[in-house]
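Here is the structure we will look at, set down as structure tokens.
Residue numbers begin at 1 in each chain, while the letters A, B, ... track the order of the sequences.
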Amino acid sequence: MSKVRVRFAPSPTGYLHIGGARTALFNFLFARRHQGAFILRIEDTDTVRSTQKSVEEILNAMRWLGLSWDEGPYYQSERFSLYQEKVQQLLREGKAYRCYCTSAELDQKREQAMAEGRKPKYDGTCRQCGEHIEGKPFVVRFRSPDSGATTFNDLIKGPISVQNDELDDIIIQRTDGTPTYNFVVVVDDVEMGITHVIRGDDHVNNTPRQILMYQALGAPLPSFAHVPMILGADKTRLSKRHGATSVMSYEEMGYLPEALVNYLVRLGWSCGDQEIFSMEELIAKFSLENVGRSAGVFNPEKLLWLNSHYIKSGDPQRLGRLLQRHLERMGLSVPRPENLPAVVALFRERDKTLEEMAKSAAFLFRDKPEMEEAAEKKFLTEANRGLFETIIHYLEGCEPFTHDAVEQCVEKIMAETGLKMGKVAQPIRVAITGGTVSPSVFEILPILGREETLKRLQSALALLK
RNA sequence: GUCCCCAUCGUCUAGCCCGGCCUAGGACACCGGCCUUUCACGCCGGCGACGGGGGUUCAAAUCCCCCUGGGGACGCCA
């Protein structure tokens with residue numbers, strides 16, 4: 001059996017989005033699963049809309065997700081001579097022809113056909129006129145058969161068949177001499193020895209005409225696998241209207257790449273009842289047979305759940321480094337990064353994203369807590385003055401300043417004041433964090449240190465009303 | 001409009017290919033309880049689906065047909 005070769009072929013007209021990422025992921029997993037090659041090809045034949053910046057962004061997102069490629073990136077814009085050669089070949093063999101219709105004429109015909117309820121397909125005006133009109137601009141069209149049917153067996157959807165008379169004589173070379181997508185994709189897939197074309201559902205309709213071109217080129221057919229679309233909550237194609245669609249925006253929002261990968265792979269693929277997969281497991285278990293046939297709705301809640309799972313179970317050292325980035329993006333400095341794993345340990349059970357964690361932990365990195373008005377009003381009251389003085393008194397003598405020692409201290413305060421835990425802990429929490437929500441005070445006080453703790457309690461004393 | 005594809009809880013899905021084990025399983029979300037120094041986590045329980053109609057069969061979520069619904073494609077974009 002020949003070696004599996006698959007490719008991901010994004011067009012660099014924007015960032016890598018969720019749908020593209022899943023297609024890339026499926027290709028990657030399929031390649032790894034079969035010890036094949038994963039090839040990256042940049043489809044930039046549209047020289048007007050393609051940008052190098054988009055290429056960089058896409059590569060970055062791929063790296064972030066851990067989708068490493070074995071070959072490329074190849075740029076189609078650097079292969080124009082190859083395509084032109086192939087166009088000439090088809091022209092010579094009569095499998096393609098020059099078309100002198102202008103785009104204005106075509107637009108008009110298309111519109112009219114639609115209005116009359118006909119399929120808006122090219123009417124074949126230039127099909128027969130074989131002569132070369134000197135000086136007049138032309139496009140090159142692929143001559144597709146007007147009878148018979150083209151059938152292929154999609155690895156995901158099963159047999160798909162289209163009548164050839166449904167197929168247009170599509171343009172394969174523009175007036176300016178540049179080739180178009182449906183042609184270059186075939187030339188390159190042939191040239192690069194692609195064995196399996198795994199791509200989005202939206203290409204199903206292109207497949208029959210591409211098959212015709214494989215045949216015209218005398219090339220063997222690859223297998224095709226069309227993965228279903230990803231929809232938004234309203235069941236229309238996922239777009240910005242449904243929220244963030246850029247892969248890297250999830251990084252910014254504090255998501256872990258393994259969470260996105262895990263989410264994306266389960267959107268459309270399954271392995272019994274299993275929900276959590278490491279990349280290694282995915283490589284071992286992924287198969288196209290278990291990819292579903294119907295479109296799926298992107299569910300941010302489930303992604304969030306997976307993210308919280310990976311935050312809870314991830315390596316604190318690594319999470320600490322990532323947390324640092326988010327803290328710094330908030331404008332906070334981290335003087336002692338070596339404490340970050342301990343900070344992660346404090347918050348990993350309660351925060352679902354690194355962004356949330358950075359916000360929750362921010363009080364540790366500020367000079368003084370940002371007071372929430374409601375919390376201040378409720379707990380920093382004149383009536384609590386005595387309590388705060390007692391707290392300060394005991395904490396000053398708390399030695400060492402550890403979880404257990406602080407806990408013992410608080411117990412003494414409870415005994416002396418006759419207050420319950422909640423009545424003692426909440427005022428401390430507000431004074432220290434500025435809010436009513438945080439990890440255990442026994443945990444946060446030692447992290448903050450005695451000096452800073454007392455400083456904040458003293459400041460609170462000054463705020464009592 | 002034409003063509004292609006799809007159809008199990010609100011959502012992702014298992015089961016469907018090789019009909020009976022399905023009074024349809026899991027997960028997210030939601031609701032209730034427990035735990036508790038706040039908020040979470042966690043644990044326990046609950047709600048909740050085979051789109052409709054015809055067949056085939058002793059038996060259909062599973063096979064066939066129609067309808068309906070949804071998505072996609074119809075570019076000198078990819």
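With distances taken from any side-chain atom of Asn182(A) to the nucleotides rA78(B), rU37(B), rA29(B), the minimum falls on rA78(B). With distances taken from any side-chain atom of Lys157(A) to the nucleotides rA27(B), rU11(B), rC6(B), the minimum falls on rC6(B). Set against rG1(B), rG71(B), rU2(B), the side chain of Met229(A) has rG71(B) as its closest nucleotide. For Arg266(A), taking side-chain heavy atoms from C-beta onward, the closest of the listed nucleotides rU11(B), rG26(B), rU37(B) is rG26(B). Considering only side-chain atoms of Ser440(A), the nucleotide from rC76(B), rU11(B), rU38(B) that sits closest is rU38(B).
Rounded to whole Å, atom P of rC76(B) lies 10 Å from atom CD1 of Ile170(A). Between Met357(A) atom CE and rA40(B) atom C1' the separation is 12 Å, expressed in whole Å. Rounded to whole Å, the distance from NE2 on His226(A) to C1' on rC3(B) is 15 Å. Distance CZ (Phe347(A)) to C1' (rU38(B)): 13 Å, rounded to an integer number of Å. If you measure from atom CE of Met414(A) to atom P of rU37(B), you get 8 Å, rounded to the nearest angstrom. Rounded to whole Å, the distance from CZ on Arg209(A) to C1' on rC3(B) is 10 Å. Distance, Lys109(A) NZ to rG75(B) P: 14 Å, rounded to whole Å. One interatomic measurement links the two molecules: CD of Gln274(A) to P of rG26(B), which rounds to 16 Å at whole-angstrom precision.
When Watson-Crick and G-U wobble pairs are counted only if both distances are under 3.5 Å, rU68(B) pairs with rA7(B). For rC21(B), there is no paired base (Watson-Crick or G-U wobble, both distances below 3.5 Å). Using N1 to N3 plus N6-O4 or O6-N4 for Watson-Crick, or N1-O2 and O6-N3 for G-U wobble, each under 3.5 Å, rA73(B) pairs with rU2(B). In this structure, rC41(B) forms no base pair with any nucleotide, since neither Watson-Crick nor G-U wobble geometry is met with both distances under 3.5 Å. rC50(B) is unpaired under the criterion used here, namely a Watson-Crick or G-U wobble arrangement in which both key atom distances are under 3.5 Å. Nucleotide rC16(B) is matched to nothing when pairs are restricted to Watson-Crick or G-U wobble geometry with both distances under 3.5 angstrom.
For the ring pair (Phe, Tyr, Trp, His ring centres under 6.0 Å) criterion with Phe277(A), the lone passing option out of Tyr263(A), Trp269(A), Tyr310(A) is Trp269(A).
Seen from the ring of Phe38(A), Arg7(A) does not count as a face-on cation partner, given the 6.0 Å and 45° thresholds.
The phosphate of rG42(B) has OP1 or OP2 within less than 4.0 Å of a side-chain N or O from Lys312(A). Neither OP1 nor OP2 of rU13(B) sits under 4.0 Å from any side-chain N or O of Lys302(A). Remark: Arg237(A) is in phosphate contact with rA73(B), judged by side-chain N or O atoms under 4.0 Å from OP1 or OP2. Here Ser270(A) reaches the OP1 or OP2 of rA14(B): one of its side-chain N or O atoms lies under 4.0 Å away. Arg110(A) has a side-chain polar atom (N or O) that falls below the 4.0 Å cut-off from OP1 or OP2 of rG75(B). Here Lys352(A) reaches the OP1 or OP2 of rC41(B): one of its side-chain N or O atoms lies under 4.0 Å away. Applying the 4.0 Å criterion to OP1 and OP2 of rA7(B), one finds that Arg293(A) has a side-chain N or O inside that range. When the side-chain nitrogen and oxygen atoms of Thr45(A) are compared with OP1 and OP2 of rA78(B), one or more of them lie within a distance under 4.0 Å.
The base of rC76(B) is paired with the side chain of Thr175(A) by a donor and an acceptor separated by under 3.5 Å. The base of rG72(B) sits with one of its N or O atoms less than 3.5 Å from a complementary donor or acceptor on the side chain of Asn205(A). Donor-acceptor pairing under 3.5 Å, judged by distance alone, is present between the side chain of Arg350(A) and the base of rC39(B).
Between the side chains of Arg350(A) and Ser438(A), no donor N or O sits under 3.5 Å from an acceptor N or O.
Residue-level contact check: Tyr263(A) touches neither bases nor backbone, having no heavy atom under 4.0 Å from any strand. Base contact: Cys101(A) has a heavy atom under 4.0 Å from a base atom.
Between His393(A) and Phe388(A), the gap from one ring centroid to the other reaches at least 6.0 Å.
For the atom pair OG1 of Thr45(A) and CD of Glu43(A), the computed distance is 7.0 Å after rounding to the nearest 0.5 Å.
Using a 90° window around 0 for the glycosidic torsion, rC22(B) falls outside it and is classed as anti.
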Practice item. Go through the steps for Phe224(A) and Ile211(A) under the test side-chain contact (heavy atoms from CB on, under 4.5 Å), then give the verdict. Key: CA-CA 10 Å; Phe224(A) 292 95; Ile211(A) 287 174; 3.9 Å; yes

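Nearest approach of Pro316(A) to Val344(A), heavy atoms of both residues: O-CG2, 4.1 Å.
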